[in-house]
2 protein chains.
Amino acid sequence: MSTYLDTGRGANRLVASLDAAGHRLTGPRLAVAELVAAREGHFTAAELLVDADRAQPGIGRATVFRTLDLFTSLGFVERVDLPGGDHAYVACDPVHHHHAICTSCGRSTDVDDVGLGNVLAAIGRRSGFSVTAHRLEIFGLCSACSAERP
Amino acid sequence: MSTYLDTGRGANRLVASLDAAGHRLTGPRLAVAELVAAREGHFTAAELLVDADRAQPGIGRATVFRTLDLFTSLGFVERVDLPGGDHAYVACDPVHHHHAICTSCGRSTDVDDVGLGNVLAAIGRRSGFSVTAHRLEIFGLCSACSAERP
DNA sequence: TATCTAGGTGATACTGTGTCTCATATGGAT
DNA sequence: ATCCATATGAGACACAGTATCACCTAGATA
């Protein structure tokens, strides 16, 4: 779970990032940042829209999507595709990593590349494919949930 | 690239699969199967709809989607998510594997699990996560395209 | 071969996500 | 305090995918 979008200490990072990329720090952006940070695990655009409307009535639908896009491009949020094919978003650290998504509670854990690089290199060697990007999503039960239902 | 949906020899497999699962072999299904097999690499639903309308005018939009769903559940087709976030489909073998998608020509190559199992096991061990499913998509240049533009 | 029926189809309307446009508002540089 | 590029909100739009429902047909049965 990320802390990069938390209000307080974490917000500094967001502000710095927006600033560095020449984006303004606006009310709606802060509001969306707080809503995203408040969410445990992944959420759909629809859920966030409901949140946004409750937290700050009058915030535009387009603005929420735009902000989500912006945060995605800054790496604070990532789009994931659930096993069912639905789209969702998760707050995360702006460094390369992957998500392990709990199918029970919905929370996501960031995991690093533990050896995946080698796997991709092996694939490239075998197939002549020159790998430039990849996406790995992992689904299962987080430690808390698998303890609960063994 | 798969041969499972090819007409001729490959169609046997499709027929057998439909039959085994208690599905009928109908005209529209064969037509869609041929269109999918004729496509090199991934394609969007929209593209297939255009194809379908050209190949067999009168074929219903819903039928194409239904057939795509059916083939997906049989494993002959898989949904992939392009880097841009768009959905696409690819014809493929009905065994567990991953796709390496060429960002230049769009063709996809099936790759097997070369060591990914170990990676997932390592992730599980580290994080206490009990992995039940995963999705790996690889993007880059296929051998032909990377030879062309070095 | 004729009959029967569960499963499949096409037409159409609908839902939901995400985008576009454009007039208005505002952050933050000066 | 002023100014203007950037951001916003409203609402129309585009598109993917689903639901419904009357009709049709593959293929099992007799």
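Proteins come first, then strands; the chains are lettered A, B, ... in the order of their sequence lines, and each starts at number 1.
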request  = Before giving the answer on side chain to side chain contact (heavy atoms under 4.5 Å, CB included), spell out for H97(B) and D112(B) the whole-Å C-alpha distance, their side-chain angles and the decisive distance to 0.1 Å.
outcome  = CA-CA 5 Å; H97(B) 65 278; D112(B) 59 17; 5.5 Å; no
Between [N] ([atom2]) and [X] ([atom1]): distance, integer Å:
X	N	atom1	atom2	answer
D86(A)	dG16(C)	CG	P	13 Å
D81(A)	dG18(C)	CG	C1'	14 Å
L68(B)	dG8(C)	CG	P	16 Å
F65(B)	dG10(C)	CZ	P	14 Å

request  = Test side chain to side chain contact (heavy atoms under 4.5 Å, CB included) on L68(A) and Y89(A) and set out the steps.
outcome  = CA-CA 9 Å; L68(A) 232 27; Y89(A) 301 82; 3.9 Å; yes
Does a nitrogen or oxygen in the side chain of [X] sit under 4.0 Å from OP1 or OP2 of [N]?
X	N	result
R79(A)	dG18(C)	yes
T63(A)	dG9(D)	yes
Y89(B)	dG17(D)	yes
H87(A)	dG18(C)	yes

Can you find a heavy atom in the side chain of [X] that is under 4.5 Å from one in the side chain of [Y]?
X	Y	answer
H99(B)	D110(B)	yes
V32(A)	I59(A)	yes
L82(B)	V80(B)	yes

message = With clusters defined by side-chain heavy atoms of hydrophobic residues (ILVMFWY) lying less than 4.5 Å apart, directly or transitively, does I123(B) cluster with L116(A)?
response = yes
task = Please report the C-alpha distance between R66(A) and L70(A) in whole Å, then the side-chain angles of each, then the deciding distance to 0.1 Å, and finally whether the side chain to side chain contact (heavy atoms under 4.5 Å, CB included) criterion is met.
result = CA-CA 6 Å; R66(A) 278 189 288 236; L70(A) 178 62; over 6 Å; no
Toward the 5' end of DNA chain C, by each residue's nearest nucleotide, G58(B) or A62(A) = G58(B)
Is it true that a side-chain atom of [X] and a backbone atom of [Y] form a donor plus acceptor pair closer than 3.5 Å?
X	Y	value
T103(A)	G140(A)	yes
R24(B)	L18(B)	no
S108(A)	A100(A)	no

ask   = Per the atom types in the model, does the base of dG18(C) pair as donor or acceptor with the side chain of R61(A) at under 3.5 Å?
value =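 It does, because a donor-acceptor pair links the side chain of R61(A) to the base of dG18(C) below 3.5 Å.
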query = Can a donor-acceptor pair under 3.5 Å be found between the side-chain atoms of R66(B) and the base atoms of dG7(C)?
reply =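 No, no donor-acceptor pair under 3.5 Å.
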request  = Classify the angle between the aromatic ring planes of F76(B) and F71(B) as parallel (below 30°), tilted (30 to 60°) or perpendicular (above 60°).
outcome  = perpendicular
query = For the side chain of D69(A), counting heavy atoms from C-beta on, which of dA11(C), dG9(D), dT19(C) is nearest?
reply =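 The listed nucleotide nearest to D69(A)'s side chain is dT19(C).
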task = Tell me what G27(A) touches on the nucleic acid: a base, only sugar-phosphate, or nothing, going by heavy atoms under 4.0 Å.
result =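 Result for G27(A) = nothing.
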task = Give one of base, sugar-phosphate or nothing for R29(A), where a contact means two heavy atoms less than 4.0 Å apart.
result = sugar-phosphate
Between N or O atoms, less than 3.5 Å apart, protein on one side and nucleotides 28-30 of chain C on the other: list the pairs.
{"residue": "dG28(C)", "atom": "OP1", "partner": "L25(A)", "partner atom": "N", "Å": "3.1"}

query = In residues 42-51 of chain B, what residues come within less than 4.0 Å of DNA chain C, judged by heavy atoms?
reply =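 DNA chain C contact set from residues 42-51 of chain B: none.
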message = Whether R79(B) and D81(A) form a salt bridge (side-chain N of Lys/Arg under 4.0 Å from carboxylate O of Asp/Glu) is what I want to check.
response =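 Not counted as a salt bridge, because no side-chain N and carboxylate O are separated by less than 4.0 Å.
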request  = Please report how far the helix from dT1(C)-dA30(D) to dT30(C)-dA1(D) bends, comparing the axis fitted to its first five pairs with the axis fitted to its last five, to the nearest 10 degrees.
outcome  = 30°
